[in-house]
Structure formats: structure tokens, C-alpha cells
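Notes follow the structure.
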There are 2 protein chains.
Amino acid sequence: MKGSLLPSIQTSKKRPTAPETRQRILDAAAHLFKDAGYAAVSLRGIADMAGMKAGSVYYHFKSKEEIVLEVLNTGIERVHDAVQSSYDDARESRSGSRIISECVKAHLNTLLAHSDYTSANVRIYGQVPQTVQLDAKIVRRKYESLWDEILGSVKAAGQLNETVDLRLFRLMLIGSLNATLEWFDPEHGNVEELANGYLEILLNGLME
Amino acid sequence: MKGSLLPSIQTSKKRPTAPETRQRILDAAAHLFKDAGYAAVSLRGIADMAGMKAGSVYYHFKSKEEIVLEVLNTGIERVHDAVQSSYDDARESRSGSRIISECVKAHLNTLLAHSDYTSANVRIYGQVPQTVQLDAKIVRRKYESLWDEILGSVKAAGQLNETVDLRLFRLMLIGSLNATLEWFDPEHGNVEELANGYLEILLNGLME
DNA sequence: GTCTATACCGGGATAGAC
DNA sequence: GTCTATCCCGGTATAGAC
């Protein structure tokens with residue numbers, strides 16, 4: 001499941017060409033998108049950062065939409081992989097709070113420190129054309145399912161407050177984690193501390 | 001403190017003209033901005049929804065930036081007023097959870113059901129030019145201060161978990177509330193139920 | 001106070017030389 | 001595989017008639 005199954009946006013079969021240049025374009029696009037949003041980023045700007053002229057980009061991609069779709073999907077694939085891997089490791093512990101903690105840290109680290117693709121996804125998903133959103137939704141949903149599986153397994157082990165609505169909690173959790181993008185600066189703050197602070201509130205609650 | 005004190009963006013002194021038409025333009029802009037983002041909305045689109053031609057808008061506003069700045073500030077003023085009012089009412093109860101609950105409900109109701117201006121602010125703040133962001137930051141900070149006051153008063157009454165970092169909690173709280181904009185549909189769901197679900201997790205925590 | 005007309009710019013995208 | 005040149009469109013903003 002690399003970049004496969006992209007219904008509406010035509011991703012020209014298999015690109016036989018220059019995987020390295022392709023990457024440079026995608027890296028540049030992800031970096032610019034996460035800072036400036038979708039519409040504000042021009043192909044000229046992307047090309048410039050990738051060290052080429054705008055026209056040359058079209059040898060590698062059919063359109064701006066094809067570029068952004070690949071950025072979007074790569075972004076989710078990266079958090080998905082990171083969280084899946086943390087989940088696989090932590091589930092042996094059979095500790096619900098341990099499992100959730102590790103997965104939250106994986107999500108935050110990928111989002112804030114490791115991947116422009118993931119932060120670009122969070123930042124611009126709501127700004128891209130509907131057709132792109134529709135295509136990107138497939139991979140997104142798989143990521144949501146992963147979290148439902150994680151939280152479901154903890155609940156099944158009887159380690160969760162019975163009254164908590166899992167879907168609602170997942171939405172709140174991912175939403176609050178993604179919202180850190182608006183204010184957290186990884187240059188200044190420490191992601192581990194951030195995660196611990198959030199987890200304390202989420203796991204134990206606010207009230208005395 | 002209506003729309004006063006706007007340093008960088010020149011808001012032409014005092015508009016002696018047609019407050020009603022002005023409102024129509026701002027209403028249209030807020031509505032379009034909250035759905036499509038900043039760059040994707042054109043002055044032609046705003047004018048169209050306000051029932052006029054693009055050129056006419058410039059009789060009322062100097063630029064797109066002046067329009068968006070006013071939308072942004074109005075959006076914060078509205079949540080601020082709503083939350084302040086709920087806070088004033090609920091503080092008599094001297095119940096920390098009651099106070100927080102009412103203020104959270106006021107924020108969510110304004111954001112999701114009552115004000116396009118507030119949702120526009122949350123949605124597009126990160127997309128507008130730096131100059132506009134800088135000007136809009138003043139009003140934003142006052143709103144953050146209000147929440148610091150609310151949470152601080154509850155903590156001072158000894159009703160909060162001692163270990164909770166108030167600034168971090170404020171960021172997490174507002175972030176998670178604002179993130180509901182991405183998925184919650186007020187036509188389908190009930191804001192009161194949403195608020196109750198969030199509050200249960202935030203106040204009591206997730207773990208058994 | 002709103003209109004039409006238009007200037008001006010920068011966007012995405014294509015064609016063809018190299 | 002990248003370049004230059006160019007097309008076409010739609011954006012913001014202005015000028016001047018009404």
C-alpha cells in the first residue's frame with residue numbers, strides 16, 4: 001500500500017523516472033505547505049526550493065493536485081507506521097496507560113519533529129480541493145481505525161473508564177494532539193515533556 | 001474595545017457610511033472564510049454573496065486584509081463575550097467543575113453554532129498574511145488571559161489537581177475544543193452532548 | 001453608493017528547443 | 001530531464017461614469 005489506489009486524481013501509472021528528483025519536489029512541497037497552506041504555495045515556489053524551474057516539475061507530476069495528494073498520503077503513512085510500531089512494542093506490557101502513552105508520543109514526535117508530510121496533512125487537509133480530500137480520506141480512515149483498535153484493546157482489557165465514548169475520545173485525542181502544531185515549537189520545547197503533560201491530564205483528569 | 005487599536009493595517013479612520021452594507025460584506029466574508037480558507041476566497045465571491053459587484057466593496061474597505069482583520073477580531077470578541085458572561089454567572093456557584101463546564105459550553109456553542117466569525121478565526125488565522133496575524137494577536141491574547149483567569153481562580157480555590165500545568169492545560173483545552181470544527185456537524189449532532197462528553201474526559205480522566 | 005471597465009500581476013499548465 | 005517562452009485565467013485593486 002504505497003501510493004496505490006488513488007481513484008479520482010490520475011497518478012500516471014508507474015513513474016519510471018528519477019525517484020530522487022521526485023523526492024526533492026515532494027519534500028519541498030511538504031515543507032512549504034506545512035508553513036503557508038495549500039493555495040498560498042505556488043509551483044514556482046516548489047520548483048525553486050527543489051532547485052529547478054516550474055515547467056520541469058511537470059515532467060514528474062501531472063498537476064499540483066497530484067503533488068499534494070502524494071504529500072497528504074505520505075504524511076498519514078508516516079504517523080501510521082510510527083504509531084503502529086509503538087503499539088506493537090507496548091502491547092506486550094499489557095498496561096493500558098503504557099500503551100496509550102507510547103502511541104501518543106509516537107504521534108506527537110512524528111507530527112512535531114520528524115515529518116513535514118504529517119504536519120502538512122494536518123495543516124492543509126481542509127484547504128485542498130474536494131477531489132483531493134476524497135482521495136486522501138481513504139488513508140486517513142485507516143489511521144483512525146488503528147486508533148480505534150488501540151483504544152478498543154485497552155477497553156477490552158477493562159482498563160478504561162466504562163462511561164467513555166471511544167469514538168469521541170479518539171476524536172478529542174487526535175484533535176488535541178494535532179492542535180499542538182499551532183503553538184508548539186520543537187526548537188524551544190521538548191516533545192517528551194509536552195506528551196507527558198497531555199497524558200497526565202487525559203489519563204487522570206483535571207479535578208482534585 | 002470595538003475594532004479599535006489596529007496598528008499595522010490601516011483601517012480608514014472612522015467609516016461614516018452604511019453600517020448595514022458593511023455588515024453584509026463582513027457576514028459574507030466570515031461565512032466564506034470559515035468554509036474555504038483565506039486564499040481560496042475572492043473579493044468577487046464576497047461581493048457576490050453580499051449582493052454587489054467586486055469594485056463596490058472598495059468603497060467600504062481598503063483591502064481584503066482589512067476585511068479579514070475585522071472578521072478575525074470580531075470572531076474572538078464574540079467568544080470572549082460569551083465565555084465572560086458564562087463565567088460571571090457560574091462563579092457564584094463556587095464549583096470549579098461547574099465553572100469550567102459552563103465556560104466550555106459557551107466556547108463550543110459560539111464556535112460551532114452561533115458565529116461564523118469565530119469559526120473563521122479558528123480556521124484561517126494561520127493562513128493570513130503576517131501583518132494581519134500580528135494585528136489579530138492582541139485580541140487573541142486577551143481571550144487567552146480570560147481563560148487563565150478562569151482556570152487560575154478554580155485552582156486558587158483548591159479544586160484542581162495540584163500537578164496540572166495551567167498554561168499547558170489551557171492550550172490543550174482550547175486546542176481540543178477548536179479541533180471539533182474539523183468534524184462536528186451542528187446539523188447532525190448536539191453541542192450540549194458533545195460538551196458533556198469532552199468534559200467528562202477532561203475532568204475525570206480516561207483511566208479506570 | 002454602486003456600477004463597468006480595465007490595469008496589473010501571478011497563478012497553473014503546455015510546447016518545443018536543447 | 002530541464003530549460004525558455006508563452007497561453008490563459010482569475011485574483012486584487014483602481015478610475016471614472018452614473
Side-chain angles (χ1 to χ4, degrees), chain A residues 8-30 32-33 35-72 124 127-132, chain B residues 8-30 32-33 35-72 124 127-132:
Chain A
S8 320
I9 308 288
Q10 271 304 41
T11 171
S12 326
K13 307 291 175 181
K14 260 312 176 250
R15 298 279 173 182
T17 39
E20 172 218 312
T21 307
R22 217 181 137 73
Q23 275 309 313
R24 271 188 5 249
I25 295 169
L26 290 169
D27 285 354
L32 294 172
F33 283 149
D35 281 338
Y38 176 70
V41 172
S42 68
L43 273 160
R44 288 172 168 93
I46 294 171
D48 195 51
M49 173 165 274
M52 48 174 42
K53 300 295 177 183
S56 311
V57 173
Y58 288 87
Y59 178 81
H60 302 275
F61 296 91
K62 279 190 56 189
S63 65
K64 188 182 179 184
E65 296 193 0
E66 191 187 329
I67 295 175
V68 78
L69 178 60
E70 194 158 331
V71 167
L72 254 26
I124 70 176
Q127 302 173 34
V128 301
Q130 284 185 0
T131 55
V132 178
Chain B
S8 318
I9 308 288
Q10 272 303 42
T11 172
S12 326
K13 310 290 176 181
K14 261 309 174 250
R15 296 281 174 181
T17 38
E20 171 217 312
T21 306
R22 217 179 137 74
Q23 275 310 313
R24 274 190 1 252
I25 295 170
L26 290 169
D27 285 353
L32 294 172
F33 283 148
D35 281 339
Y38 176 69
V41 171
S42 69
L43 273 160
R44 287 176 168 98
I46 293 172
D48 195 52
M49 173 165 274
M52 46 173 46
K53 300 296 176 182
S56 310
V57 172
Y58 288 88
Y59 177 80
H60 302 275
F61 296 92
K62 280 190 55 188
S63 66
K64 188 181 179 185
E65 295 194 1
E66 190 187 330
I67 294 174
V68 79
L69 177 60
E70 193 158 331
V71 167
L72 254 27
I124 70 175
Q127 301 173 34
V128 301
Q130 284 185 1
T131 55
V132 178

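Given the structure is predicted, the values throughout are model-derived calculations rather than measurements. Naming convention: chains lettered A, B, ... in sequence-line order (proteins, then strands); numbering from 1 in each chain.
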- Query: Want to settle it: does B:Gly51 or A:Ala40 sit nearer the 5' end of DNA chain C, counting the closest nucleotide to each?
  - Reply: B:Gly51
Round to the nearest Å and state the distance from [X] atom [atom1] to [N] atom [atom2].
| X | N | atom1 | atom2 | answer |
| --- | --- | --- | --- | --- |
| B:Phe61 | D:dT12 | CZ | C1' | 16 Å |
| B:Glu66 | D:dA13 | CD | P | 10 Å |
| A:Met52 | D:dG1 | CE | P | 10 Å |
| A:Asp48 | D:dT4 | CG | P | 12 Å |
| B:Ile46 | C:dT2 | CD1 | C1' | 17 Å |
| B:Arg22 | C:dG1 | CZ | P | 12 Å |
| A:Lys64 | D:dG10 | NZ | P | 15 Å |
| B:Ile25 | D:dA13 | CD1 | P | 14 Å |

- Message: Evaluate B:Asp35 against B:Val41 for side chain to side chain contact (heavy atoms under 4.5 Å, CB included), listing each step before the verdict.
- Response: CA-CA 9 Å; B:Asp35 281 339; B:Val41 171; over 6 Å; no
Determine: side-chain N/O of [X] to OP1/OP2 of [N], distance under 4.0 Å, yes or no.
| X | N | result |
| --- | --- | --- |
| A:Tyr59 | D:dT2 | no |
| B:Tyr58 | D:dA13 | yes |
| B:Ser56 | C:dC3 | yes |
| A:Ser42 | C:dG11 | yes |

- Query: For the base of D:dG10, is there a side-chain donor-acceptor partner from B:Arg44 under 3.5 Å away?
  - Reply: no
- Query: Of the nucleotides C:dT4, D:dT12, C:dG1, which one has an atom closest to the side chain of B:Lys53?
  - Reply: C:dT4
- Query: Nearest to the side chain of B:His60 - C:dA13, C:dT2, D:dT12?
  - Reply: C:dT2
- Report yes or no: does B:Arg44 contribute a side-chain atom to a donor-acceptor pair with the main-chain N or O of B:Ala54 at less than 3.5 Å? no
- Between B:Ala28 and B:Met49, which heavy-atom pair has the shortest distance, and what is it? CB-CG, 3.5 Å
- Message: Any base atoms under 4.0 Å from B:Val41, or only sugar-phosphate, or nothing? Heavy atoms, all strands.
- Response: sugar-phosphate
- To the nearest 0.5 angstrom, please state how far the CG atom of B:Asp27 sits from the CG atom of B:Leu32. 11.0 Å
- CD/A:Gln23 to CD/A:Glu70 distance, rounded to the nearest 0.5 angstrom? 7.5 Å
